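Notes for the one structure printed next.
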Amino acid sequence: MLKLKKKSTLREKKIFFLFFFLFLTSALFSQEAVYVFPDVKDKIGKHFPIEYFKDSNGENYNSNFLHGKNSLINFWFTNCEPCHQEIPYLIQLQQELGDKVNFMGITFDNKEKVKIFADKKKINFLQITESLDGMNKYGINRYPMSFIIDNEGNVKMIFGIVNDSRIDDVRNQLLHDLK
C-alpha cells in the first residue's frame, strides 16, 4: 500500500508541474501580446504633449498638431540595436498606410546624425531630433517605445519593439476609427 501511495504522489507532482508549466507559458505569451510599460500606463487616454517637441525651425509644435489623423510616434536613437531591428516594420507600415496616418520618430540624437542614419536605412517618415528635454519631461526612458495616438491627439496604446508578432496589432490600431 505504501508503494501505491508513492506512485500516486509522484503522478500528482508530475501533473502539478505540467499544469504549472502550461500556466506560466500562457501567462508569458499573453503578457507579450498586451504588454504596456507599467510606468507609463497612466498616459493612456490622455493628451500626447507634442508641444514638448520642436520642429525643424526650432519652434514647439502646436498642441493640436496631431489632431485629425491617428499617429504612430516611435522613440528611438541611432545606437539602439532593437530600434534598428524594428525599422523595416515601421517603414512597411508607413508605406502601407501612406498619408492616412501620421508617422514620426522622436530621438535625442542630433539632426545631422539622424539624417545620415535615416538616409542609409531609407527611413521615410518625419524625425524630430535633439529632443532629450521633451523626452525627459514626458518620462521616456527606454527604447524603442512607440505610442499610437488617436485622431484627437490622445494616447491610445504604448508598446515596445515592432516586429512580426506585433505588426498586425499595430496596423489594426492605427486603422481603427479612421475618419
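Quick caveat, the model's predicted, so the values are computed rather than measured.
Distance CG/Asn141 to CG/Asn136: 8.5 Å, rounded to 0.5 Å. In this structure, CD in Glu86 is found 12.5 Å from CG in Asp164, a value given to the nearest 0.5 Å. With rounding to the nearest 0.5 angstrom, the CG atom of Leu90 is 12.5 Å from the NZ atom of Lys121. Considering OG of Ser71 and CD1 of Ile50, their distance stands at 8.0 Å, rounded to 0.5 Å. Between atom OH of residue Tyr138 and atom CD1 of residue Ile73 there is a gap of 8.5 Å, rounded to the nearest 0.5 Å. Between the SG atom of Cys80 and the CZ atom of Arg142 there is a distance of 12.5 Å, given to the nearest 0.5 Å.
Considering every non-hydrogen atom in both Asn60 and Glu51, the closest pair reads ND2-O, 2.6 Å. Summarising the geometry of His47 relative to Ser63, their closest heavy-atom pair is CE1-O, 3.3 Å, with the distance given to 0.1 Å. Contact between Leu175 and Leu97 at its shortest, heavy atoms only, is CD2-CD2, 3.4 Å. Summarising the geometry of Phe147 relative to Met145, their closest heavy-atom pair is CE1-SD, 3.5 Å, with the distance given to 0.1 Å. When all heavy atoms of Val40 and Gly139 are compared, the pair lying nearest together is CG1-O, 4.1 Å. Pairing each heavy atom of Ile161 with each of Gln85, the nearest pair is CD1-OE1, 3.9 Å.
Side-chain N or O atoms of Asn110 include one that pairs as donor or acceptor with a backbone N or O of Lys113 at under 3.5 Å. Judged by distance alone, with hydrogens and angles left aside, the side-chain atoms of Lys156 form a donor-acceptor pair with the main-chain N or O of Gln173 at under 3.5 Å. Side-chain atoms of Asp150 never come within 3.5 Å of backbone atoms of Asn70 as a donor-acceptor pair (strictly under, hydrogens ignored). The backbone N or O of Ile91 sits nowhere less than 3.5 Å from a side-chain atom of Lys122 that would complete a donor-acceptor pair.
Residues Leu132 and Tyr52 fall within the same hydrophobic cluster, defined by Ile, Leu, Val, Met, Phe, Trp and Tyr side chains chained together at heavy-atom separations under 4.5 Å. Hydrophobic clustering keeps Ile116 apart from Phe77 (ILVMFWY residues linked when any side-chain heavy atoms are closer than 4.5 Å, directly or through intermediates).
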Please lay out, stage by stage, how Val101 and Lys69 fare under the test side-chain contact (heavy atoms from CB on, under 4.5 Å).
CA-CA 6 Å; Val101 174; Lys69 289 184 185 180; 5.9 Å; no
Worked verdict on Phe75 versus Tyr143 for ring-ring contact (aromatic ring centres under 6.0 Å, His included)
CA-CA 6 Å; Phe75 291 95; Tyr143 309 91; 7.4 Å; no
In sequence, state the C-alpha distance, the side-chain angles, and the governing distance for Lys137 and Asp133, and then conclude on salt bridge (charged side-chain N to carboxylate O under 4.0 Å, His left out).
CA-CA 6 Å; Lys137 190 173 182 180; Asp133 288 343; over 6 Å; no
Step-by-step ring-ring contact (aromatic ring centres under 6.0 Å, His included) determination, His84 to Phe117
CA-CA 10 Å; His84 294 195; Phe117 184 86; 5.0 Å; yes
With side-chain hydrogen bond (donor to acceptor under 3.5 Å, both in side chains) as the criterion, how do Thr129 and Asp109 come out once you've worked through the C-alpha distance, each side chain's angles and the decisive distance to 0.1 Å?
CA-CA 6 Å; Thr129 60; Asp109 286 329; over 6 Å; no
Intermediate values then yes/no, side-chain contact (heavy atoms from CB on, under 4.5 Å), Thr107 and Thr78
CA-CA 8 Å; Thr107 181; Thr78 57; 5.7 Å; no
Start with the C-alpha distance between Met104 and Phe53, add both sets of side-chain angles, then the distance that settles side-chain contact (heavy atoms from CB on, under 4.5 Å), and finish with yes or no.
CA-CA 12 Å; Met104 62 185 65; Phe53 303 96; over 6 Å; no
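Two residues are said to be in side-chain contact when any heavy atoms from C-beta on lie closer than 4.5 Å; Asn154 and Phe48 fail this criterion. Between Glu130 and Lys111 there is a side-chain heavy-atom pair separated by less than 4.5 Å. Between Tyr61 and Ile128, the closest side-chain pair of non-hydrogen atoms falls below 4.5 Å. Put simply, the side chain of Val170 reaches to within 4.5 Å of the side chain of Phe159, judged on heavy atoms. Using a 4.5 Å heavy-atom cutoff, the side chains of Met135 and Ile106 are in contact. Between Ile167 and Arg171 the shortest side-chain heavy-atom distance falls below 4.5 Å. The closest side-chain heavy-atom distance from Ile149 to Val155 is below 4.5 Å. Side-chain contact check for Asn102 versus Leu66: some heavy-atom pair is nearer than 4.5 Å.
Residue His176 places its NE2 atom among 12 or fewer non-hydrogen atoms of other residues, nucleotides or ligands, all under 6.0 Å distant.
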